[in-house]
Amino acid sequence: MSAPEVWFYHLVRQTPERLLIDLLEKTLARGWRAVLRLGDEAQVVQASERLWTWREDSFLPHGSAADGEAALQPVWITAGPEIPNGAQILCLTRGGSCDLSAPPAGLARICLLFQEADEEALAAARAQWRAARTAGLKAVYWAETPEGGWIRKAEHDPAAG
């Protein structure tokens, strides 16, 4: 499999949690699996609870180390480096990270979500953009519009020359 694309989502209005739900729904609809990597175990517990309760008539199937059976989980939530479910997409937010110089094998896409108001997250995203370029990965930068839509603001494609 080829190297993953790295998609950056610069949030202005919505929260990373709201966008994550949209991304995970689209991922599952596509027949893919996902790993959601967060900064610590407390965030893992909070995200798991949110995915069970985000909508009254539905939930997003997922699990974490507390649930076990990682290989069976369509969405795996973790604060660690593991990708035990054969995921095609890795979502990073709230302190989750990935070494882009050696991205995990088998991924099609890595998505980094960060908010405008979070200076630390902005700085980390800038560093990750540079790391993606240095690693020769395709990187796409999406910015949220004031209306809540998305615009492709930048792209680095080493294959395009």
Side-chain angles (χ1 to χ4, degrees), residues 1-100 102-116 118 121 124-125 128-129 132 137-145 147-153 155 157:
M1 178 175 248
S2 62
E5 293 183 359
V6 185
W7 287 18
F8 294 77
Y9 290 93
H10 187 154
L11 297 145
V12 178
R13 293 182 50 193
Q14 64 180 307
T15 64
E17 291 78 14
R18 179 64 236 163
L19 179 58
L20 272 172
I21 289 169
D22 292 343
L23 289 175
L24 293 174
E25 283 185 320
K26 290 176 182 176
T27 296
L28 297 178
R30 191 174 200 172
W32 285 6
R33 291 173 169 247
V35 167
L36 170 55
R37 188 175 295 161
L38 302 165
D40 60 45
E41 287 303 319
Q43 292 175 7
V44 170
V45 170
Q46 183 181 39
S48 181
E49 289 172 3
R50 178 76 175 129
L51 293 182
W52 283 117
T53 62
W54 71 276
R55 197 165 74 191
E56 243 181 72
D57 63 342
S58 184
F59 68 94
L60 286 166
H62 66 280
S64 67
D67 305 304
E69 301 193 53
L72 300 177
Q73 304 294 346
V75 175
W76 184 251
I77 307 171
T78 184
E82 75 274 11
I83 300 184
N85 64 344
Q88 292 83 11
I89 186 168
L90 171 62
C91 296
L92 307 170
T93 190
R94 294 170 51 194
S97 64
C98 178
D99 178 2
L100 295 180
L107 293 174
R109 189 170 301 145
I110 299 169
C111 297
L112 291 94
L113 289 65
F114 56 97
Q115 287 185 291
E116 172 77 28
D118 185 341
Q128 289 288 72
W129 179 267
L137 300 174
K138 181 176 181 177
V140 180
Y141 175 82
W142 296 94
E144 187 179 18
T145 65
E147 298 78 30
W150 294 94
I151 186 168
R152 181 180 260 179
K153 294 278 273 203
E155 183 174 336
D157 188 353

So, do [X] and [Y] sit near enough that their side-chain heavy atoms are less than 4.5 Å apart?
| X | Y | result |
| --- | --- | --- |
| L28 | P61 | yes |
| L51 | S48 | no |
| V140 | D157 | no |

Residues that P16 engages under side-chain contact (heavy atoms from CB on, under 4.5 Å), provided they are two or more places apart
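Listed in chain order: L11, T93, L113, Q115.
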Identified side-chain contact (heavy atoms from CB on, under 4.5 Å) counterpart of C91 within the set T27, L20, L38, V35:
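With C91 as partner, side-chain contact (heavy atoms from CB on, under 4.5 Å) holds for just one option, L20.
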Scan residues 10-48 for pairs that pass ring pair (Phe, Tyr, Trp, His ring centres under 6.0 Å), counting only residues two or more places apart or in two chains.
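For residues 10-48, and leaving out neighbouring residues, the ring pair (Phe, Tyr, Trp, His ring centres under 6.0 Å) pairs sorted by first residue read H10-F114, H10-Y141.
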Taking atom [atom1] of [X] and atom [atom2] of [Y], what is their separation to the nearest 0.5 Å?
| X | Y | atom1 | atom2 | result |
| --- | --- | --- | --- | --- |
| R50 | L36 | CZ | CG | 13.0 Å |
| I89 | R30 | CD1 | CZ | 8.5 Å |
| L90 | L107 | CG | CG | 5.5 Å |
| L137 | W129 | CG | CH2 | 11.0 Å |
| L24 | I77 | CG | CD1 | 8.0 Å |
| F8 | K153 | CZ | NZ | 15.5 Å |

Backbone N or O of V12 within a donor-acceptor pair of the E144 side chain at under 3.5 Å?
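It does hold such a pair.
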Determine yes or no for a side-chain-to-main-chain donor-acceptor pair under 3.5 angstrom, with Q128 supplying the side chain and L100 the backbone.
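Between the backbone of L100 and the side chain of Q128 there is no qualifying donor-acceptor contact (under 3.5 Å).
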After noting the C-alpha distance and the side-chain angles of E155 and K138, does the key distance pass the salt bridge (Lys or Arg N to Asp or Glu O under 4.0 Å) rule?
CA-CA 7 Å; E155 183 174 336; K138 181 176 181 177; 3.3 Å; yes
Residues in ring pair (Phe, Tyr, Trp, His ring centres under 6.0 Å) contact with W7, at least two apart in sequence or another chain:
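With neighbours one apart ignored, the set is W142.
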Taking only residues two or more places apart in sequence, or in another chain, which ones meet W52 in a ring pair (Phe, Tyr, Trp, His ring centres under 6.0 Å)?
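Result, ring pair (Phe, Tyr, Trp, His ring centres under 6.0 Å) vs W52: F59, H62.
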Please lay out, stage by stage, how D22 and K26 fare under the test salt bridge (Lys or Arg N to Asp or Glu O under 4.0 Å).
CA-CA 6 Å; D22 292 343; K26 290 176 182 176; over 6 Å; no
Within residues 33-45 or reaching into it, pairs that qualify as side chain to side chain donor-acceptor pair (under 3.5 Å) - sequence neighbours excluded
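Checked against side chain to side chain donor-acceptor pair (under 3.5 Å) - neighbours excluded - no pair reaches residues 33-45.
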Closest heavy-atom contact between P103 and I110?
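Nearest heavy atoms, P103 then I110: CB-CD1, 4.0 Å.
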Please name the pair of heavy atoms, one in V6 and one in A132, separated by the smallest distance, quoted to 0.1 Å.
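Smallest interatomic distance, heavy atoms only, reads CG2-CB, 4.3 Å.
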side-chain hydrogen bond (donor to acceptor under 3.5 Å, both in side chains) involving R94 - partner list, sequence neighbours excluded:
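Checked R94 against side-chain hydrogen bond (donor to acceptor under 3.5 Å, both in side chains); matches are E17, Q46.
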